[in-house]
Amino acid sequence: MTWLSTARLVTFVTTILFSIIVMALSAALIVQTEPNFYWKFSALALGTGLLTVITIVPIFIIDMLRKGTFFSYIAVEIVWLKVLWVLWLSSASYAAWTDAQITSVAPEESTCNFSIFGECIPPYMAFNIQSELLLPDVDGASLRLGCGEIKAIKAFSFLSWILRNSSSCVTQVSDRIAT
């Protein structure tokens, strides 16, 4: 195995792992808030992670088992990696935007404060917005859990985007060198 195929294997496996993590966190966030509303970024992240796992695994397995198939073409792989690159960037940026909209920026507070219509709601008042947001816990624990999930979805989405970007660039450059 050359260093390029080893790097490709590592980026594919890491992307699949990050995709599974993002899918699990997004699904948990959707289930936690779904009876009345859900954050749209979590649906986008769930779909992006699912699409990544559904396509990257067969592309890699088919490429290892058979040479010369449609999935083995560099052009197909580069185009698909760029599509996943855009989806991961969209998921990460939408999660970052949502995180910026709902969390406080105060560095001295370690809890997640939620803002509704621009007003910052302190954690001790989180139970007051439970009826408006219709979230399950009265003490605000689900709000703080949701905040951690949002940050984790954002982080793993950005990491997946970086991996897809670097992988597609390396594939494109190695194709140019080979021809």
Side-chain angles (χ1 to χ4, degrees), residues 1-34 38-103 105 107 110 112 144-179:
M1 235 188 222
T2 65
W3 72 269
L4 192 58
S5 59
T6 304
R8 183 173 176 250
L9 173 67
V10 168
T11 59
F12 276 10
V13 169
T14 307
T15 301
I16 290 168
L17 178 68
F18 289 169
S19 298
I20 291 170
I21 292 170
V22 167
M23 284 190 316
L25 290 170
S26 298
L29 193 58
I30 289 172
V31 166
Q32 186 178 9
T33 58
E34 189 268 327
Y38 64 93
W39 283 304
K40 293 180 182 84
F41 84 91
S42 59
L44 176 63
L46 179 65
T48 303
L50 187 64
L51 194 60
T52 301
V53 170
I54 286 174
T55 58
I56 291 289
V57 171
I59 284 174
F60 192 71
I61 290 174
I62 290 171
D63 191 38
M64 287 184 64
L65 295 178
R66 295 190 57 197
K67 300 297 178 196
T69 62
F70 177 73
F71 296 113
S72 298
Y73 296 152
I74 295 294
V76 171
E77 184 173 333
I78 289 173
V79 167
W80 188 246
L81 289 178
K82 292 292 184 179
V83 167
L84 289 177
W85 177 85
V86 168
L87 287 172
W88 279 115
L89 179 60
S90 301
S91 297
S93 58
Y94 198 9
W97 179 82
T98 304
D99 187 33
Q101 293 296 314
I102 64 173
T103 58
V105 191
S110 61
C112 185
R144 287 188 295 280
L145 176 64
C147 180
E149 289 170 346
I150 291 169
K151 291 182 186 314
I153 290 169
K154 177 178 64 170
F156 283 109
S157 294
F158 272 119
L159 289 172
S160 295
W161 168 66
I162 291 168
L163 280 173
R164 290 298 90 219
N165 188 23
S166 62
S167 178
S168 64
C169 288
V170 167
T171 303
Q172 201 167 7
V173 167
S174 66
D175 179 52
R176 296 284 185 223
I177 291 172
T179 56

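FYI, side chains are in, hydrogens and waters are out, and symmetry mates aren't considered; it's all heavy atoms of this structure.
Under the side-chain contact (heavy atoms from CB on, under 4.5 Å) criterion, S93 pairs with no residue at all, not counting sequence neighbours. Under the rule for a side-chain contact (heavy atoms from CB on, under 4.5 Å), the partners of L50 that lie at least two apart in sequence or sit in another chain are M23, I54.
Between L51 and V83, the closest side-chain pair of non-hydrogen atoms is not below 4.5 Å. The side-chain heavy atoms of T48 and W161, taken from C-beta on, include no pair separated by under 4.5 Å. S160 is not listed as a side-chain neighbour of T52, based on a closest heavy-atom distance of 4.5 Å or more. The side-chain heavy atoms of S42 and L46, taken from C-beta on, include no pair separated by under 4.5 Å.
Between S91 and A45, the shortest heavy-atom distance links the atoms OG-CA, 3.8 Å. Taking both residues in full, the closest heavy atoms of C169 and K82 are given as SG-NZ, 4.4 Å, listed atom of the first, atom of the second, then distance. Minimum interatomic distance between V53 and I16 (heavy atoms only, all atoms of both residues): CG2-O, 4.3 Å.
How far NZ of K151 is from CG of L25: 13.5 Å, rounded to the nearest 0.5 Å. To the nearest 0.5 angstrom, F18 atom CZ is 10.5 Å from S157 atom OG. From L89, atom CG reaches atom CZ of R164 across 14.0 Å, with rounding to the nearest 0.5 Å. Separation of atoms CG (L84) and OG (S90) is listed at 11.0 Å; rounding is to 0.5 Å. Distance CH2/W80 to CD1/I59: 7.5 Å, rounded to 0.5 Å. Separation of atoms OG (S167) and CD1 (I162) is listed at 13.5 Å; rounding is to 0.5 Å.
Screening T11, L9, V10 for a side-chain contact (heavy atoms from CB on, under 4.5 Å) with V13, the sole residue that qualifies is L9.
Classified by interplanar angle (parallel below 30°, tilted 30° to 60°, perpendicular above 60°), the ring pair Y94/W97 is tilted. Using cut-offs of 30° and 60° on the angle between ring planes, the pair F12 and F60 is perpendicular.
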For this session: Before giving the answer on side-chain contact (heavy atoms from CB on, under 4.5 Å), spell out for L81 and I56 the whole-Å C-alpha distance, their side-chain angles and the decisive distance to 0.1 Å.
Result: CA-CA 9 Å; L81 289 178; I56 291 289; 4.2 Å; yes

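The closest side-chain donor-acceptor pair between T15 and W88, if any, does not fall under 3.5 angstrom.
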